[in-house]
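Everything on this sheet refers to the single structure shown next.
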Amino acid sequence: MDPRVVELQKEAAGRDDVIGLAGGLPADELLPRDALAKALADVTASRDDALQYGWPEGTEQLRGWIASRLAARGAHVDPERIIVTAGAQQALTISARVLRGTIAVGDATYAAAIDAFTRAGAKVARDHGGARYVIHGVANPQGVELVDRAALLASTGPLIVDEAYAELRFDGHTPRPLIADAPDRVWHIGTISKTIAPGLRIGWLIPPAKHHAAALDQKAAADLQTSSLTQAALARLVTQLDVDALIARARAAYREKAAALGEALHRAAPQLRFREPEGGFSIWIETGREGDDLALLRRCLDAGVMVDPGSAFRPEPVPTIAIRASYSNATPDQLAEAARRLARVLG
Ligand code: PMP
């Protein structure tokens, strides 16, 4: 990420007059605060292993829960193959550390995946015959499904499959995990960041069996293990909370927010072209106009709205400007006002 963008965004995050549509933040009101407070207190008081070192692959309890959720979607994975990671982000880094080489990511993809891959020693490209990274269910930043299942299954290279938003499609259809059909070459990545709470920093990686030892070695070398405390709290939380009901509420809330921003943008700036989100947290607007991304962000901030400039999502530079606007952690009123402010800049 361009440090100048980060600096501008950090500075603006403290301003009351700026509506924040940057970063893929889940809605504050959906975080299971009380249940999590109780789970944290319970495991701290009652489970020694919550405060002790643990194994690099993560706790048996949590890996069992991850395996059971995948099994319910048609992917039967031995829990021994699951590595609990510090968010999906660390799973991306570990995958690239082991795979190296070049990873194809398409025209635009999750900006921090590009950073993770390149910092781990891999290269990224729009298209390439070898390894491929896809965001299954709902792509970030595009907000729609871009996975062509048949084409991917007909391909032969390694597939890094990120399911960050797979359970957050507005139509409620959670796709069958690709690991169910190509277990020998899918690097399956999941996270609870978008559905439960990103602050716990829990995700997971299921590498192909032949790469399991190398991936686990990378995990241990990076940070020994994922936090025992948050693993124990999450494992407790999911026995006390109806996770599917929480996800259903989240889908409905994000659908409403997406519609609020989409409709307000259509009203305020009818010339802007974007695809209606099918799920997830954001709208991707390609302006088709050439210009300087950083200057655009400055103009947005002057107008009182913060977005993510598009160049960070591009594996290869393009001359035209795009922005990602995340509706996920704003109210419908804020979204309507944000659209008016964006229209002043982009109109
Ligand atoms: N993948 C995608 C597509 C994401 O949008 C995000 C979060 N913005 C991540 C991975 C990282 O998530 P985590 O909090 O689990 O590290």
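One-based numbering, in listed order, for ligands and for the atoms of each.
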Discussion item. Rounded to the nearest 0.5 Å, what separates atom CD1 in I66 from atom CH2 in W204?
Written reply: 5.0 Å
Item to complete: Check if G24 has a non-hydrogen atom at a distance under 4.0 Å from any atom of ligand 1.
Response: no
Worksheet item: Shortest non-hydrogen contact from H76 to A71?
Response: ND1-CB, 3.7 Å
Discussion item. Is the contact between A88 and ligand 1 made by the side chain, the backbone, both, or neither, using heavy atoms and a 4.0 Å cut-off?
Written reply: both
Worksheet item: Which residue and non-hydrogen atom of the protein lie closest to atom 11 (C) of ligand 1, and at what distance in Å?
Response: Y110 OH, 3.4 Å
Item to complete: Please write down residue, atom name and distance for the protein heavy atom closest to atom 15 (O) of ligand 1.
Response: T191 OG1, 2.5 Å
Worksheet item: Of all the heavy atoms in Y165, does at least one lie under 4.0 Å from an atom in ligand 1?
Response: yes
Fill in: Closest protein heavy atom to atom 7 (C) of ligand 1, given as residue, atom name and distance to 0.1 Å
K194 NZ, 2.6 Å
Worksheet item: Would you say the side-chain atoms of Q89 and Y110 include a donor-acceptor pair closer than 3.5 Å?
Response: yes
Practice prompt. Before signing off on this row, confirm whether I135 and ligand 1 have an N or O atom pair separated by under 3.5 Å.
Written response: no
Worksheet entry | Contact summary for Q271 and L346, nearest pair of heavy atoms | NE2-O, 3.7 Å
Practice prompt. Among all protein heavy atoms, pick out the one at the shortest distance from atom 1 (N) of ligand 1; state its residue, atom name and that distance to 0.1 Å.
Written response: D162 OD2, 2.6 Å
Practice prompt. Answer with yes or no whether Q90 contacts ligand 1, where contact means a heavy atom under 4.0 Å from a ligand atom.
Written response: no
Worksheet item: Can you tell me if H173 and E278 form a side-chain donor-acceptor pair at under 3.5 Å?
Response: no
Worksheet item: K219 and T226: side-chain donor and acceptor closer than 3.5 Å?
Response: yes
